[in-house]
There are 2 protein chains.
Amino acid sequence: MELSERKKRILAAVVEQYIKTGEPVGSKNLLKVLDMNLSSATIRNEMAELSSMGLLDQPHTSAGRIPTSNGYRYYVDNLMGSQEIDETLRKKIEHAVSGAGTDPDKLLKKAGEVLADMTNCAAVSTMSVGENASIRRIETVPVGSHTAMIILLTSTGILKSRICRSDSEISTPLLERFYNITSALVGKSLGEVNITTMQTLAASMGSDAFSMLPLLAGVTELADEAAHMDVRLNGQSNLLNYRELEANVYELIDFLRRGEPLGHLITNGKSGVNITIGKENKFPQLENSSVILSRYSVNNQDGGSLGLIGPTRLDYAKLIPSVKYLTDLVGHILTKALEE
Amino acid sequence: MELSERKKRILAAVVEQYIKTGEPVGSKNLLKVLDMNLSSATIRNEMAELSSMGLLDQPHTSAGRIPTSNGYRYYVDNLMGSQEIDETLRKKIEHAVSGAGTDPDKLLKKAGEVLADMTNCAAVSTMSVGENASIRRIETVPVGSHTAMIILLTSTGILKSRICRSDSEISTPLLERFYNITSALVGKSLGEVNITTMQTLAASMGSDAFSMLPLLAGVTELADEAAHMDVRLNGQSNLLNYRELEANVYELIDFLRRGEPLGHLITNGKSGVNITIGKENKFPQLENSSVILSRYSVNNQDGGSLGLIGPTRLDYAKLIPSVKYLTDLVGHILTKALEE
DNA sequence: GTTAGCACTCTTAACGCCTGAGTGCTAACT
DNA sequence: AGTTAGCACTCAGGCGTTAAGAGTGCTAAC
């Protein structure tokens with residue numbers, strides 16, 4: 001779709017104005033912002049055409065225009081200025097993240113918080129990796145005479161641990177034998193830890209099998225857990241501030257709370273920044289929202305993603321670079337933390 | 001404050017009716033529920049007295065009555081029936097919790113979820129212990145040549161772990177020496193892990209001090225983290241459903257999100273079930289809400305708490321036993337999991 | 001002490017009215 | 001042919017009025 005230069009300017013102005021005020025923008029109002037030597041009537045004509053092209057919409061006949069999903073899309077793809085991050089935001093991000101240390105869990109938590117705060121939207125963060133991440137290490141630590149802790153570390157630095165209890169006594173030599181047996185799993189992907197693999201392992205345990213079974217079950221659970229998307233949500237309540245979402249906030253927040261469909265959204269993202277605007281979303285609960293998601297990589301492997309969910313009326317020009325910057329930073333920190 | 005038998009019945013009926021419908025209850029309406037041989041006029045007289053005693057209130061002159069905080073309080077303390085848990089709820093709780101295994105983190109998460117679901121309120125759960133819990137074990141596990149994982153286990157079964165990175169190489173013998181040094185901390189309370197203790201430890205490290213410092217810092221952080229209340233919040237969005245909270249939901253949800261004041265609330269609770277109704281709450285954000293909190297113990301030590309936050313119009317008779325049952329169950333499971 | 005009856009209060013919804021913002025269209029202008 | 005002034009039209013939102021309904025408090029009688 002090719003637009004005249006003037007239409008582009010008008011569309012951009014409508015989008016930006018609406019993002020700023022949240023009010024439908026009318027022709028006269030636009031005149032003030034545009035400083036083109038035109039009358040409101042001309043603008044009206046142009047806006048009418050943009051409407052019939054499906055880029056602008058009117059809430060009702062006698063109201064100004066607001067951008068449609070397609071309108072935002074055109075703006076984001078073709079008109080939006082500066083892909084550079086705002087200096088103030090950069091500092092804010094750096095300041096928040098630098099205080100979080102290198103522990104992935106803490107780091108992601110902090111990243112989600114700063115994102116939600118900064119954008120006044122809901123933020124999601126995940127450390128998931130899908131099933132392609134591999135097991136880097138499995139450790140056991142005796143805790144009591146019948147309990148042991150199992151620790152699983154993935155190639156992307158995710159740490160999962162669990163206390164397991166066995167009915168029979170757990171001795172240190174037993175744990176050593178268990179360690180040797182499970183070391184066969186190191187290097188395998190999380191997806192490969194399935195019933196078959198575990199049965200093979202169990203078979204090699206001989207007389208230890210009975211005592212080791214709870215531990216082995218623990219390992220399976222941990223692998224499952226690590227592979228399973230762990231979605232963290234921040235700042236849902238920010239969404240309550242947006243008039244345009246009001247009608248369905250409850251549905252929206254409820255949708256976000258059930259992490260699972262959100263997982264889909266995240267998994268489907270390509271690398272780089274993914275932007276889904278309004279009706280482009282597959283989920284009806286999101287049809288009035290936009291989602292900006294970006295993945296980060298740890299050790300050149302996909303490490304997880306960060307993103308935000310807000311009204312379609314987002315300040316894309318500002319937020320997209322911020323999200324990108326934040327994810328890159330997180331990926332960088334985590335990679336460095338894992339360096340040998 | 002002593003009430004006539006008839007006033008008691010009327011107050012109880014108003015409370016129960018209002019809990020059920022959420023509408024101010026009028027004299028005629030009450031008549032249907034009460035099946036006493038009285039006219040609405042008599043009831044009106046009684047209600048007028050209950051109002052002047054501060055137990056009932058009117059939203060406006062021509063509306064029915066709703067209970068005041070004191071009214072609810074009187075009801076809970078003196079009038080409320082059955083402290084027995086509802087069989088359906090018991091099954092629901094047991095079913096949910098039994099699927100969660102014995103891992104404290106997972107268990108508490110599940111407990112919070114079921115509580116929020118069951119009650120249609122916001123649920124809080126914490127594994128905190130304050131600073132009196134002691135350190136049960138500190139373990140280190142090598143991860144890479146410059147990284148190690150530190151694991152801290154408390155007497156109440158809380159497990160905290162962290163990946164630490166040192167600029168100098170971390171060898172296995174070094175970790176062994178570190179283990180020996182830190183074993184001095186085992187048995188100490190979390191509160192005792194302060195700068196002074198750590199400096200003493202650092203002093204005993206000799207030439208290892210430089211390489212061990214990041215690890216030691218990690219231990220301190222973990223102890224802090226374990227001592228620090230970890231408040232988990234579920235089902236905030238449930239609160240959006242209550243008309244009577246509508247005016248301040250945003251403030252309320254925002255208040256809950258900042259876990260810290262919530263922490264106060266929780267810490268101040270006595271053992272057993274704590275109920276705070278409406279204006280009894282210290283925090284203005286909670287003046288239209290009620291809080292039901294209950295602590296659980298692990299190994300006869302205080303292990304944390306579970307609770308819910310909703311409108312004052314809660315079904316106390318049903319929820320109080322449920323919360324109590326759930327906390328007892330959680331405490332029981334966790335105690336058993338730690339048994340030697 | 002209880003009750004019937006009544007006047008009174010107050011909320012809520014519905015209705016009509018008005019205003020202001022904004023539009024689309026037409027006819028004139030450059 | 002593109003631009004503009006002007007005008008009739010539409011519609012949301014605010015405001016006051018009205019009517020209905022729920023519920024009360026009070027009084028006088030039982």
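On a predicted model such as this, the values are computed, not experimentally measured, just so you know. A, B, ... follow the sequence lines: proteins, then strands. Residue 1 opens every chain.
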side-chain contact (heavy atoms from CB on, under 4.5 Å) partner of B:I10, chosen from B:L56, B:L50, B:T42
B:L50

Do any of residues 65-72 of chain A sit with a heavy atom less than 4.0 Å from DNA chain D, and if so which?
none

With rounding to the nearest 0.5 Å, note down the distance linking OG1 in B:T312 to CG in B:L245.
7.5 Å

Residues of residues 35-50 of chain A with any non-hydrogen atom less than 4.0 angstrom from an atom of DNA chain D: list those, numerically ordered, please.
A:N37, A:L38, A:S39, A:A41, A:T42, A:R44, A:N45

Report the residues that fulfil ring pair (Phe, Tyr, Trp, His ring centres under 6.0 Å) with B:F283, sequence neighbours left out, ordered by chain and then residue number.
B:F255

Could you give all pairs that pass the side-chain hydrogen bond (donor to acceptor under 3.5 Å, both in side chains) test and reach residues 20-35 of chain A, with sequence neighbours left out?
A:E23-A:R243, A:S27-A:R44

Ignoring hydrogens and angles, tell me if any N or O in the side chain of A:R295 forms a donor-acceptor pair with the backbone of A:I266 under 3.5 Å.
yes

Contacts of A:S294 meeting side-chain contact (heavy atoms from CB on, under 4.5 Å) (sequence neighbours excluded), chain-then-number -> A:V273, A:V323, A:T327

Do A:K279 and A:E287 pass the salt bridge (Lys or Arg N to Asp or Glu O under 4.0 Å) test, and can you show the C-alpha distance, the side-chain angles, and the key distance before you say yes or no?
CA-CA 5 Å; A:K279 296 207 167 59; A:E287 71 174 8; 5.5 Å; no

Applying salt bridge (Lys or Arg N to Asp or Glu O under 4.0 Å), run through A:K318 and A:E84 and close with a yes or a no.
CA-CA 8 Å; A:K318 216 174 184 175; A:E84 287 296 302; over 6 Å; no

Does any part of the side chain of B:N238, heavy atoms only, come nearer than 4.5 Å to the side chain of B:C121, both counted from C-beta?
no

Heavy atoms, side chains only, cut-off 4.5 Å: are B:V291 and B:V124 in contact?
no

I need the full list of side-chain hydrogen bond (donor to acceptor under 3.5 Å, both in side chains) pairs touching residues 55-71 of chain B, with sequence neighbours left out, sorted by first then second residue.
B:S51-B:R65

State, yes or no, whether a side-chain contact exists between A:N234 and A:L115 at a heavy-atom distance under 4.5 Å.
no

Which atoms of nucleotides 10-12 of chain C (N or O only) lie under 3.5 Å from a protein N or O atom, and what are those distances?
unit_1: C:dC10; atom_1: OP1; unit_2: B:T61; atom_2: OG1; d: 3.4
unit_1: C:dC10; atom_1: O4'; unit_2: B:S62; atom_2: OG; d: 3.3
unit_1: C:dC10; atom_1: O2; unit_2: B:S62; atom_2: OG; d: 2.8

From the 5' end of DNA chain D to its 3' end, which nucleotides mark the outer limits of contact with chain A, defined by a 4.0 Å heavy-atom distance cut-off (strictly under)?
D:dT3 to D:dA12

Pairs counted as Watson-Crick or G-U wobble with both distances under 3.5 Å: what dot-bracket string results for DNA chain D, using | for bases tied to another strand?
||||||||||||||||||||||||||||||

Under the salt bridge (Lys or Arg N to Asp or Glu O under 4.0 Å) test, which residues partner B:E280, sequence neighbours left out?
B:R73

Can you pull out the residues from residues 11-32 of chain B that lie within a 4.0 Å heavy-atom distance of DNA chain D?
B:G26, B:S27

So does B:G278 get a backbone contact from the side chain of B:N281, meaning a donor-acceptor N/O pair under 3.5 Å?
yes

Under the side-chain hydrogen bond (donor to acceptor under 3.5 Å, both in side chains) test, residues paired with B:R90 that sit two or more places apart:
B:E87, B:E94

Can you spot which of A:I85, A:T119, A:D86 makes a side-chain contact (heavy atoms from CB on, under 4.5 Å) with A:S322?
A:I85

Working for salt bridge (Lys or Arg N to Asp or Glu O under 4.0 Å), residues A:R313 and A:E16
CA-CA 9 Å; A:R313 173 168 79 83; A:E16 279 158 17; over 6 Å; no

